[in-house]
Amino acid sequence: MDKEKETQINEQSADSGVKKKSLFRWLLKYDFRDKEQFVQFGKWLLFILLIAMELFMLLSHANAYGWRDWKMLITIFAIEAVFTVSQALKLFVFRVDKMRLYAVDAAVSCVFMFLTEGVYPIAIFLIVLTEFYITAEDIKTCVIMVCIGSVIFEAGYILRHWLVLEERLDFLSMFTQSSGSLLALVVHFFIVQIGLGFYRQFLKLNKTLTELNESKKELEKAYAVVAEVTVLEERQRIAKDVHDTAGHSITTVIMQTEAAKRIFDKNPEEARAKIIAANLQAKHALEELRESVHLLSGAQSSETLQHALENIVHESTDGTNITIRSKIEDVEVSSAKHRFLCNTLKEGISNGLRHGGATAFWFELKESDGQITFLLSDNGKGVDVQDMKEGFGLSAMRERAKSLGGEVRYDSTKDEGFELYLFLPSDGNDNDTK
């Protein structure tokens with residue numbers, strides 16, 4: 001027997017669990033963030049409550065007056081049926097004349113107050129008002145509705161006392177006795193309106209959050225596209241740097257060694273100078289290739305600009321008869337300007353050796369008044385600036401300086417050397433990486 005009882009209890013628990021799950025699923029079916037689904041849920045809930053209140057009203061009347069008063073029970077049931085149909089049409093059928101149905105509701109509510117008493121008529125009346133408040137958009141209309149409802153409620157209350165109970169009370173006594181129900185109408189109005197106000201604010205906030213999430217997703221997509229484009233542009237820039245600088249340097253090395261080979265027997269000193277220049281150019285090309293590889297791998301150099309420029313000077317003078325005196329300040333610049341200044345020094349030394357036959361250089365880098373000044377002068381044979389045509393190196397240098405907000409100038413007189421000036425805006429602590 002104990003096992004049978006235990007089995008029955010388990011089955012009842014299982015049935016209860018299934019019912020709870022069914023109710024939970026029914027609630028989850030509606031998304032309250034969607035106004036239409038919220039209104040639909042509210043309509044179904046009000047309709048269920050309405051039917052429950054009507055059944056309770058019928059049972060309450062039967063218990064109070066007995067089932068023998070079947071004529072009154074049938075009358076109440078018929079009126080409730082009309083009321084239920086009216087509510088169903090308003091709640092679930094869209095193409096109906098709601099004003100006529102509200103007139104039917106007013107008449108039925110008044111009859112309810114006339115035929116019976118207690119909390120059920122007022123509860124049904126509040127359900128009708130709730131349905132109106134939910135579907136109405138204008139609060140002024142709701143205020144008019146609650147005023148009309150109060151008049152209907154009071155009229156039904158007075159008719160019941162005068163015609164059924166035959167109590168000839170004055171208006172003040174009637175109002176005093178019905179004040180509790182009228183207060184319930186007013187409190188119900190404010191509670192529903194406050195609840196709807198909070199819900200409308202919730203909808204606005206949810207809409208704003210949805211728009212923000214969509215904007216965030218769009219920004220993330222745009223950021224991903226920009227990041228991809230930036231990576232591609234950086235790769236293209238590095239590829240162009242390799243082609244323009246290292247490729248140009250290697251071509252120059254080949255030309256210098258070929259020229260040295262042709263004049264080696266006739267003019268060993270000039271051939272030696274060309275070989276030295278080619279050697280320096282090859283070193284610079286190798287350094288440029290290494291730098292490009294580091295950039296492609298994502299490595300960041302921790303070397304200061306001052307140290308990098310000093311290394312270039314040392315590499316250019318090591319093992320050669322070239323003299324380079326320098327004065328280099330420790331200037332903080334972006335990685336783009338760092339690369340450009342180093343490449344400009346390499347290019348300037350190589351040009352002085354190849355074209356000017358220089359053996360000595362003066363290099364200075366300083367920062368003052370928000371401007372970086374780069375000066376490289378040599379003792380080469382110089383050139384007449386008016387007759388000079390810019391080659392590939394100077395053209396590329398001028399274009400890059402312009403993109404960084406600076407400019408390139410040069411000054412030269414025949415047989416008096418060549419001076420190269422570069423002016424760039426200071427960065428301070430800026431870490432821009434153009």
Side-chain angles (χ1 to χ4, degrees), residues 241-242 244-253 255-256 273-274 276-289 291 305-318 320-329 331 333 336-367 371-385 388-404 406-424:
D241 283 349
V242 172
D244 292 348
T245 57
H248 174 66
S249 297
I250 293 172
T251 302
T252 303
V253 169
M255 293 174 63
Q256 292 281 4
K274 289 185 180 296
I276 292 173
N279 180 263
L280 285 177
Q281 197 76 11
K283 288 181 179 179
H284 294 162
L286 180 60
E287 186 63 28
E288 287 160 2
L289 286 173
E291 183 180 353
L305 176 63
Q306 183 182 31
H307 189 256
L309 294 173
E310 288 174 350
N311 283 339
I312 294 172
V313 171
H314 177 71
E315 289 175 0
S316 300
T317 57
D318 188 24
T320 68
N321 60 349
I322 300 171
T323 301
I324 301 178
R325 293 185 299 117
S326 62
K327 183 181 179 182
I328 305 172
E329 293 184 4
V331 179
V333 294
K337 291 176 184 176
H338 184 287
R339 292 193 299 270
F340 178 56
L341 289 169
C342 291
N343 290 337
T344 300
L345 179 58
K346 295 173 187 177
E347 183 73 18
I349 294 173
S350 297
N351 286 341
L353 293 172
R354 290 200 316 270
H355 304 298
T359 57
F361 293 85
W362 164 252
F363 173 60
E364 182 181 24
L365 182 78
K366 62 181 181 179
E367 180 181 17
Q371 181 174 261
I372 299 170
T373 304
F374 173 108
L375 167 62
L376 180 65
S377 62
D378 62 54
N379 65 346
K381 58 186 180 182
V383 65
D384 190 348
V385 176
M388 175 182 168
K389 293 182 179 180
E390 288 188 1
F392 170 84
L394 282 176
S395 298
M397 191 185 300
R398 186 182 297 280
E399 181 181 346
R400 183 58 176 156
K402 185 178 180 181
S403 70
L404 293 172
E407 62 174 328
V408 171
R409 299 177 193 168
Y410 47 82
D411 186 23
S412 179
T413 303
K414 197 169 183 180
D415 298 326
E416 291 187 11
F418 190 90
E419 291 183 345
L420 175 66
Y421 294 91
L422 171 62
F423 303 97
L424 292 174

Say you draw a straight line from [atom1] of [X] to [atom2] of [Y]; how long is it, rounded to the nearest 0.5 Å?
X	Y	atom1	atom2	answer
Leu404	Glu399	CG	CD	11.0 Å
Asp378	Ile324	CG	CD1	10.0 Å
Leu375	Leu365	CG	CG	10.0 Å
Thr344	Arg339	OG1	CZ	12.0 Å

With sequence neighbours excluded, what pairs up with Arg409 under the salt bridge (Lys or Arg N to Asp or Glu O under 4.0 Å) test? Glu407

What pairs with Lys337 under salt bridge (Lys or Arg N to Asp or Glu O under 4.0 Å), at least two apart in sequence or on another chain? Asp427

All side chain to side chain donor-acceptor pair (under 3.5 Å) counterparts of [X], not counting sequence neighbours:
X	value
Thr359	Asn379
Asp411	none
His314	none

Per side chain to side chain contact (heavy atoms under 4.5 Å, CB included), Glu347 is matched among Asn351, Leu345, Asn343 by Asn351

Using atom types as modelled and distance alone, determine if a side-chain donor or acceptor of Glu329 lies under 3.5 Å from a backbone N or O of Glu367. yes

Do Leu420 and Met397 come within less than 4.5 Å of each other through their side chains, counting heavy atoms only? yes

For the residue pair Tyr410 and Leu376, establish whether any side-chain heavy-atom pair is separated by less than 4.5 Å. no

Could you go through the side-chain contact (heavy atoms from CB on, under 4.5 Å) check for Ile349 and Ile322 one step at a time? CA-CA 10 Å; Ile349 294 173; Ile322 300 171; 5.6 Å; no

Show your working on side-chain contact (heavy atoms from CB on, under 4.5 Å) between Leu424 and Val333 and close with a plain yes or no. CA-CA 10 Å; Leu424 292 174; Val333 294; over 6 Å; no

Work out which heavy atom in Val408 is nearest to a heavy atom in Ala401; give both atom names and the distance. CG2-CB, 3.7 Å

Minimum heavy-atom distance between Cys342 and Leu305, given as atom pair plus value: SG-CD1, 4.2 Å

Could you work out, with side chain to side chain contact (heavy atoms under 4.5 Å, CB included) as the rule, every residue matching Thr373, not counting sequence neighbours? Lys366, Gln371, Phe423

Test side chain to side chain contact (heavy atoms under 4.5 Å, CB included) applied to Ser412 - qualifying residues, sequence neighbours left out: Val383, Val385, Phe418

Yes or no on side-chain contact (heavy atoms from CB on, under 4.5 Å) for Glu419 and Trp362, after CA distance, side-chain angles and deciding distance? CA-CA 9 Å; Glu419 291 183 345; Trp362 164 252; over 6 Å; no

Those residues that, when tested against Phe374, pass ring-ring contact (aromatic ring centres under 6.0 Å, His included) (two or more places apart): Phe363

Looking only at the side chains, is there a donor atom on one of Ser403 and Arg400 sitting less than 3.5 Å from an acceptor on the other? yes

